[in-house]
Amino acid sequence: MAKTAPIPGTSDIFADEVAEWRVLEDTARSIFSRYGYGELRTPVFERTEVFTRSLGDETDVVQKEMYSFEDRGGRNLTLRPEGTAGVMRALVNAGIPQGDERRVYYQGPMFRGERPAAGRKRQFHQVGVEAVGKVAAGIDAECIAMLMHYMEDLEITGCKLLLNSRGSAEDRAPVAAALHDYFAAHSDEMCDDCQRRLETNVSRIMDCKTEGCRGIIDQAPGVLELLKPESADYFAAVCADLDRLGIAYEIDPRLVRGLDYYVHTVFEVVFDGIGAQTALAGGGRYEITFPGQKRPVLGVGFAAGMERLLLAREACKVPAASVDQPDVFLVSLGDDAFDANFALAQQLRRNGLAVGMDLERRGMKPQMRAAGKSGAPYTVIRGEQELTDGVAVVKNMETGDQQPVPVTDLAAVLSTN
RNA sequence: GUGGGUGUAGCUCAGUUGGUUAGAGCGCCUGGUUGUGGCCCAGGAGGUCGCGGGUUCAAAUCUCGUCACUCACCCCA
């Protein structure tokens, strides 16, 4: 059994579960297209530098979570740990005319070598969107509204939208310096982790849950107050847009995202009840500079963890999507009827019907059991008598009513029911 | 990478202070006279007790190791 188990952190997804995945995918396509986003499918692996350059060399993802390998040509490749970098690479490669904008969404597997836990896999799936190019100021709020629209249609209730700003690229150094100064002054009161973060990633300290650090964090200078006036104005405009769209949000100065490319608006949708993980989706505005490109490419987007959306829907008691079931189940009495039904099944399928049938040539009882279990609303029964009469008995499995129907009319009769 | 919990039938799990043929429910198969599912009844198939050492007359049970699953830390979707 262990030998056939999938690699740790990966899983096999069977039909009943796939039905749930389809809900996520279909809903995404339906909603995102209304906002002008079309699907983009990019490779699951890229040159490693596509990720290291855009996510940032110092981020945890790049430092210890990437599945990297060398291919036969000696190229250093990496299984994508997130979707944005590859999407941006593809759009840049395709070329975006000056002053134009591209809107795409994507969906598919991502890979990170972390220790698996509830809502965290090594091969996990994200559905995300990116608006790239000349991203107008209004896109931040529109994009967030679309995400909340998605949550709503997925019937995920009780989730919360957190909002913050990182300021512009020019804000980053001064803000980090200010935070570093503040926390350095209190370093002796902080936990070991935060002392380490002080040197590696100051902003992460804001996330610390340790009792002793909380007091210090609460007194820390707010990131928003440290921003340049233009950046603060930008953030205020995004908030005003959200108010206009009727989107509820909570400004969380402690919200930090793990990737370096974010600027200005960052947001996260959080939900309690899927283990230790709380983030269902996250995103923001970003800038990525590719080798050979003079200017950074701008974008706004988000990604949602599909496994987590599934868990959240479960926690919200959303009824499971139904799996595909046959429209009709064929039951045969005797070898002649079996042979006739074997051919009939094929014919009905060509007429667009989903047809089930027991191929074991068993007795009628097991066939009827199989018919009932299949969930087919109708059963078609044929024996010698029906064959000579050129009819088939159509049985309604719910009411138990049955009627002889000419075989030539079967497809039509079953299709209308 | 660091810790905790758990590995017994296809699934969910019992298995008493180590004791010989390892159980239940669900599911599956066959029947309950002629060609009718769900309910009920009877019977049946199915297990290297995760794997490998050790202790013992005797190990599913104790011990060590290992692997897997799982939860949490870290971090994130």
Side-chain angles (χ1 to χ4, degrees), chain A residues 1-11 24 55 58-65 80-84 107-128 147 191-194 196-197 200-201 203-204 207-210 255-259 267-271 274-283 301-312 329 331-334 337 356 358 360 362-387 393-402:
Chain A
M1 206 155 105
K3 283 181 199 135
T4 56
I7 297 295
T10 68
S11 47
L24 302 186
L55 309 193
E58 299 306 314
T59 57
D60 276 41
V61 172
V62 168
Q63 290 268 302
K64 50 186 192 187
E65 294 172 4
R80 63 184 183 193
E82 57 94 59
T84 303
Q107 166 263 312
M110 308 292 165
F111 307 84
R112 291 186 198 174
E114 296 181 284
R115 194 69 170 261
R120 195 172 63 212
K121 312 283 276 179
R122 288 185 173 169
Q123 174 175 335
F124 60 106
H125 298 74
Q126 288 188 335
V127 52
L147 172 58
C191 70
D192 293 347
D193 278 339
C194 285
R196 178 177 50 77
R197 289 178 181 126
T200 57
N201 196 342
S203 54
R204 279 249 85 85
D207 249 359
C208 187
K209 287 134 196 142
T210 312
L255 175 63
V256 173
R257 313 230 65 243
L259 310 175
F267 56 90
E268 205 164 276
V269 172
V270 295
F271 180 89
I274 53 172
Q277 271 59 243
T278 59
L280 289 183
F302 65 75
M306 298 179 78
E307 281 83 356
R308 292 184 187 179
L309 294 177
L310 255 21
L311 289 172
F329 199 94
V331 169
S332 334
L333 288 136
D358 180 22
E360 306 276 350
R362 295 188 292 180
M364 189 174 192
K365 188 167 203 147
Q367 287 187 66
M368 286 305 295
R369 282 216 182 109
K373 213 175 56 176
S374 77
Y378 293 94
T379 296
V380 164
I381 304 165
R382 288 207 290 178
E384 284 184 29
Q385 191 58 54
E386 287 74 17
L387 284 185
V393 173
V394 174
K395 172 166 182 166
N396 179 318
M397 292 300 273
E398 200 182 335
T399 64
D401 293 341
Q402 43 189 64

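To find a chain, count down the sequence lines: A is the first, B the second, and so on, and within it residues start at 1. Note: hydrogens, waters and symmetry copies are ignored here, and every other heavy atom, side chains too, is used.
Rounding to the nearest 0.5 Å places CD of A:Glu386 at 11.0 Å from OG of A:Ser332. Atoms CG and CZ, on A:Leu280 and A:Phe302 in that order, are 12.0 Å from each other to the nearest 0.5 Å. Separation of atoms CE (A:Met306) and CG (A:Leu24) is listed at 4.5 Å; rounding is to 0.5 Å. Note that the CD1 atom of A:Ile381 and the CD atom of A:Gln367 stand 9.5 Å from one another [nearest 0.5 Å].
Nucleotides B:rC62 and B:rU20 place their P atoms 16 Å apart, quoted to the nearest Å. Atom name P, nucleotides B:rA59 and B:rG53: the rounded distance is 13 Å, in whole Å. Rounded to the nearest Å, the gap between the P atom of B:rU21 and that of B:rA60 is 10 Å. Only the P atoms considered, B:rU6 is 16 Å distant from B:rG65, to the nearest whole Å. Using P as the reference atom, B:rG15 and B:rA9 are 15 Å apart when rounded to the nearest Å. Comparing B:rC11 with B:rU48, their P atoms sit 13 Å apart, to the nearest whole Å. Only the C1' atoms considered, B:rG7 is 24 Å distant from B:rU17, to the nearest whole Å. For the P atoms, the distance from B:rG47 to B:rC67 is 28 Å, rounded to whole Å.
Under a 3.5 Å cut-off, the side chain of A:Arg122 and the backbone N or O of A:Pro116 do not form any donor-acceptor pair. A:Arg308 places a side-chain N or O within 3.5 Å of a backbone atom of A:Ala279 that can act as its donor or acceptor partner. For A:Gln277 (side chain) and A:Ala118 (main-chain N/O), a donor-acceptor pair under 3.5 Å exists by modelled atom type. Panel note: side chain A:Arg382, backbone A:Val393; no donor-acceptor pair is recorded below 3.5 Å.
Between the CG atom of A:Leu255 and the P atom of B:rC75 there is a distance of 14 Å, rounded to whole Å. When rounded to the nearest whole Å, the span between CZ of A:Arg122 and C1' of B:rU70 equals 13 Å. For the pair A:Phe267 CZ and B:rA77 C1', the computed distance is 12 Å after rounding to whole Å. One atom, CD of A:Glu384, and another, P of B:rG35, lie 10 Å apart when rounded to the nearest Å. Between the CE atom of A:Met110 and the P atom of B:rA77 there is a distance of 11 Å, rounded to whole Å. Between the CZ atom of A:Arg80 and the P atom of B:rA77 there is a distance of 15 Å, rounded to whole Å. Rounding to whole angstrom units, CD of residue A:Glu114 and P of B:rA77 are separated by 9 Å. Going from atom CD1 of A:Ile7 over to atom C1' of B:rC67 covers 13 Å, rounded to whole Å.
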Worked check of side chain to side chain contact (heavy atoms under 4.5 Å, CB included) between A:Asp401 and A:Lys395: CA-CA 6 Å; A:Asp401 293 341; A:Lys395 172 166 182 166; over 6 Å; no

A:Leu333/A:Glu384 under side chain to side chain contact (heavy atoms under 4.5 Å, CB included): CA gap, chis, key distance, verdict: CA-CA 7 Å; A:Leu333 288 136; A:Glu384 284 184 29; over 6 Å; no

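Looking at heavy-atom distances under 4.0 Å, A:Glu360 makes no contact with the nucleic acid at all. Across all strands shown, A:Glu82 has no heavy atoms under 4.0 Å from either base or sugar-phosphate atoms. Looking at heavy-atom distances under 4.0 Å, A:Gly119 makes contact with a base. Nucleic acid contact class of A:Leu280 (heavy atoms, under 4.0 Å, all strands): sugar-phosphate only. Residue contacts shown for A:Gln402 include a base, since a base heavy atom lies under 4.0 Å away.
Two residues, A:Gly383 and A:Thr10, neighbour RNA chain B, and the one matched to the more 5' nucleotide by heavy-atom proximity is A:Gly383. When each of A:Pro8 and A:Arg112 is assigned the nucleotide of RNA chain B bearing its nearest heavy atom, the one mapping closer to the 5' terminus is A:Pro8.
Side-chain atoms of A:Gln107 and A:His125 include no donor-acceptor pair closer than 3.5 Å.
No hydrogens or angles were tested; on distance alone, nothing pairs the side chain of A:Gln367 with the base of B:rU36 as donor and acceptor under 3.5 Å. Contact annotation: side chain of A:Gln277 to base of B:rA72, donor-acceptor pair absent below 3.5 Å. Contact annotation: side chain of A:Arg115 to base of B:rC73, donor-acceptor pair absent below 3.5 Å.
Taking both residues in full, the closest heavy atoms of A:Glu114 and A:Arg120 are given as OE1-CD, 3.4 Å, listed atom of the first, atom of the second, then distance.
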Dot-bracket notation for RNA chain B, counting Watson-Crick and G-U pairs under 3.5 Å, with | for partners on another strand: (((((((..((((.....[...)))).(((((.......))))).....(((((..]....))))))))))))....

Nucleotides 37-42 of chain B: which of its N/O atoms have a protein N/O under 3.5 Å away?
| from | atom 1 | to | atom 2 | distance (Å) |
| --- | --- | --- | --- | --- |
| B:rG37 | O4' | A:Met368 | O | 3.4 |
| B:rG37 | N7 | A:Lys395 | NZ | 3.3 |
| B:rG37 | O6 | A:Met397 | O | 3.3 |
| B:rG37 | N1 | A:Met397 | O | 2.4 |
| B:rG37 | N2 | A:Met397 | O | 3.2 |

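Set against B:rU30, B:rU70, B:rU36, the side chain of A:Arg362 has B:rU30 as its closest nucleotide. Each of B:rC71, B:rC73, B:rU30 was ranked by its minimum atom distance to the side chain of A:Ala118; first place goes to B:rC71. Here the nucleotide nearest the side chain of A:Val393, chosen from B:rA77, B:rG35, B:rA72, is B:rG35.
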